[in-house]
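Step one of this worksheet: look at the structure below.
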Amino acid sequence: MQLPPSRGPLSAWLSGLLTGAGGAQRTVEFVGSGQPFADEDLQLALWIAYELQYRGFDDVDPDAQWDPGIIAARTQWERPWINWLEANCRVRPTDEPVAEQLRAMIDADDGPRLAPYLRRHATREQFREFVLNRSVYQLKEADPHSFGIPHLDGAAKAALVEIEADEYGGGRPERMHSELFRTTMRWLGLDDSYGRYVSEVPAVTLAVSNVMSLFAVHRRWTAALIGHLAALEMTSTLPNRQYAAGAARLGATKDQARYFTEHVEADAVHEQIAAHDLCGSYVQQHPDAISDILFGARCSLVIDNLFAEHLLTRWKVSTRYLRPPHAAAV
């Protein structure tokens, strides 16, 4: 994968450092708005920095993963992002079991109705754009949450491994959820190369991926990571049933819609494992972690809602992509 075009001083500085084309080694500080989830430069810079922990980039030294200057810059850029998440997603725990608190949080969430729109009204072009945006995370589905495996022990570790094993196809490459998603992408005429559309998606799409990576690469955020996963699993079944119906309405075959139907079946089980066996077991081992579990879950809901709102709002006025390719390159 090639480095995506920069969108401002942060991503330009980082790209220059990674390619050897940059001059100054001093970190560029973030000076942005009060909505870091929507800051194109910040979210791209964070995405590039996190991607060094996954598959990296062509012609970038693999040792850049541990470059002290890059880690220092990433840490500095994470601060406004974490501060915003804390201010908007932190919730106060109750005395109820964590699984019940997660269910109550999810049941109370009244986010934008993206899934019903895709089921009944979306054009093929809109559905294509939805899938294009989702590909930024879906082509590495389960990878961020798998970072939590070595941080866990006992029943919580076993529960996370059980969920992730299904995500990776139970040992069958063709059943990996990322591979099923590729089939859906090809149906819509999209390039299924890993990271292909990073340069075309908006900041909020990168934020969906970045919040997982934030929790994944910091052991301090392990509880938030599993809370985030629990929210994903507990909010998956109904939307994916509606995505599958929308895909069928637009002419998808069973194979082309299998990514969505697979999640209807698998996540009905996964949500119980995630809420009770994963989060419940972790709280038994670490009672003080319940606040961070709920925080991670709330982050998942809030950022996904912002993503959905962005798409639905834009579709009211346009059918073009959110960002033309390389439009913000500097």
Side-chain angles (χ1 to χ4, degrees), residues 36-37 50 53 74-75 78-111 137 141-168 207-237 266-305:
F37 69 88
Y50 290 138
Q53 306 297 322
R74 189 190 75 196
T75 301
E78 285 173 337
R79 290 186 190 124
W81 179 218
I82 293 171
N83 290 341
W84 186 91
L85 291 169
E86 288 277 7
N88 291 274
C89 304
R90 181 64 71 176
V91 296
R92 186 184 298 275
T94 69
D95 294 331
E96 299 297 322
V98 66
E100 294 183 15
Q101 294 188 59
L102 288 166
R103 173 47 59 196
M105 177 191 297
I106 290 165
D107 288 347
D109 183 64
D110 188 22
Y137 165 65
E141 184 171 350
D143 290 352
H145 298 107
S146 293
F147 276 60
I149 293 172
H151 301 159
L152 302 178
D153 194 13
K157 174 176 282 202
L160 181 53
V161 169
E162 182 177 359
I163 293 171
E164 299 299 79
D166 284 347
E167 302 286 344
Y168 293 126
V208 171
S209 181
N210 284 343
V211 73
M212 302 183 214
S213 295
L214 168 67
F215 297 153
V217 302
H218 294 282
R219 187 165 58 86
R220 178 261 179 272
W221 291 113
T222 297
L225 180 68
I226 65 173
H228 186 285
L229 176 60
L232 284 185
E233 301 294 347
M234 296 173 74
T235 57
S236 176
T237 299
D267 291 347
V269 177
H270 288 175
E271 69 173 279
Q272 299 302 317
I273 299 172
H276 296 277
D277 301 336
L278 176 56
C279 294
S281 296
Y282 192 79
V283 168
Q284 288 181 355
Q285 298 170 334
H286 309 278
D288 293 339
I290 191 168
S291 178
D292 280 352
I293 288 175
L294 297 175
F295 171 66
R298 185 63 184 155
C299 287
S300 175
L301 298 175
V302 168
I303 301 301
D304 282 354
N305 285 344

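Treat the numbers as computed from the prediction; the structure is a model and nothing was measured.
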Quick one: pull up CG in L278 and CD in Q272 and give me the separation to the nearest 0.5 Å. 13.0 Å
With a 3.5 Å distance limit and no angle check, can you tell me whether E233 reaches the backbone of I163 through a side-chain donor-acceptor pair? no
Yes or no on side chain to side chain contact (heavy atoms under 4.5 Å, CB included) for L229 and L160, after CA distance, side-chain angles and deciding distance? CA-CA 9 Å; L229 176 60; L160 181 53; 3.4 Å; yes
Quick one: does R298's side chain get under 4.5 Å of L301's, heavy atoms only? yes
Decide whether E162 and H270 meet the rule of one side-chain donor and one side-chain acceptor closer than 3.5 Å. no
Look only at the side chain of Q101 and the backbone of E96, and say whether a donor-acceptor pair between them is shorter than 3.5 Å. yes
Which distance, rounded to the nearest 0.5 Å, do you find between the CG of D304 and the SG of C299? 10.5 Å
Interatomic spacing from CG in D95 to CD1 in I290 - rounded to 0.5 Å: 8.5 Å
Would you please test E271 and H276 for side chain to side chain contact (heavy atoms under 4.5 Å, CB included) and show each step? CA-CA 8 Å; E271 69 173 279; H276 296 277; over 6 Å; no
Which pair of heavy atoms, one from A230 and one from A274, lies closest together, and at what distance? CA-CB, 3.8 Å
Flag yes if more than 12 heavy atoms outside D110 fall under 6.0 Å of its CG atom; otherwise flag no. no
Under 3.5 Å, sequence neighbours excluded: what are the donor-acceptor pairs made by side chains of residues 142-151?
{"from": "D143", "atom 1": "OD1", "to": "Y168", "atom 2": "OH", "distance (Å)": "2.6"}
{"from": "H145", "atom 1": "NE2", "to": "H228", "atom 2": "ND1", "distance (Å)": "3.2"}
{"from": "S146", "atom 1": "OG", "to": "A142", "atom 2": "O", "distance (Å)": "2.9"}
{"from": "S146", "atom 1": "OG", "to": "E164", "atom 2": "OE2", "distance (Å)": "2.9"}
{"from": "S146", "atom 1": "OG", "to": "Y168", "atom 2": "OH", "distance (Å)": "3.1"}
{"from": "H151", "atom 1": "ND1", "to": "T222", "atom 2": "OG1", "distance (Å)": "3.2"}

For N305, which residues count as a side-chain hydrogen bond (donor to acceptor under 3.5 Å, both in side chains) partner, sequence neighbours excluded? D109
Specify the closest pair of heavy atoms between L85 and F295, including all atoms of both residues, with the distance to one decimal. O-CE1, 3.3 Å
Under the rule for side-chain hydrogen bond (donor to acceptor under 3.5 Å, both in side chains), what residues qualify as partners of R79, not counting sequence neighbours? none
For the residue pair Y282 and H286, does the interplanar ring angle fall in the parallel (under 30°), tilted (30 to 60°) or perpendicular (over 60°) class? tilted
Rounded to the nearest 0.5 Å, what separation is found between the CZ atom of R74 and the CG atom of L214? 8.5 Å
May I ask you to test the L102-C279 pair for a side-chain heavy-atom distance under 4.5 Å? yes
So, for W221 and E86, which heavy atoms are closest and what is the spacing to 0.1 Å? CH2-OE2, 3.4 Å
Gap between atom NZ of K157 and atom CD1 of I226 - 0.5 Å precision: 13.0 Å
Check whether any side-chain heavy atom of M234 sits under 4.5 Å from a side-chain heavy atom of M105, and report yes or no. no
Write down the atom of S300, the atom of L232, and the distance for their closest heavy-atom approach. OG-CD2, 3.6 Å
Got a sec: does the CG of N83 have more than 12 other heavy atoms crowding it under 6.0 Å? yes
For the OG atom of S213 and the CD atom of E78, what is their distance to the nearest 0.5 Å? 10.0 Å
Does a side-chain N-to-carboxylate-O contact under 4.0 Å join D292 and R90? yes
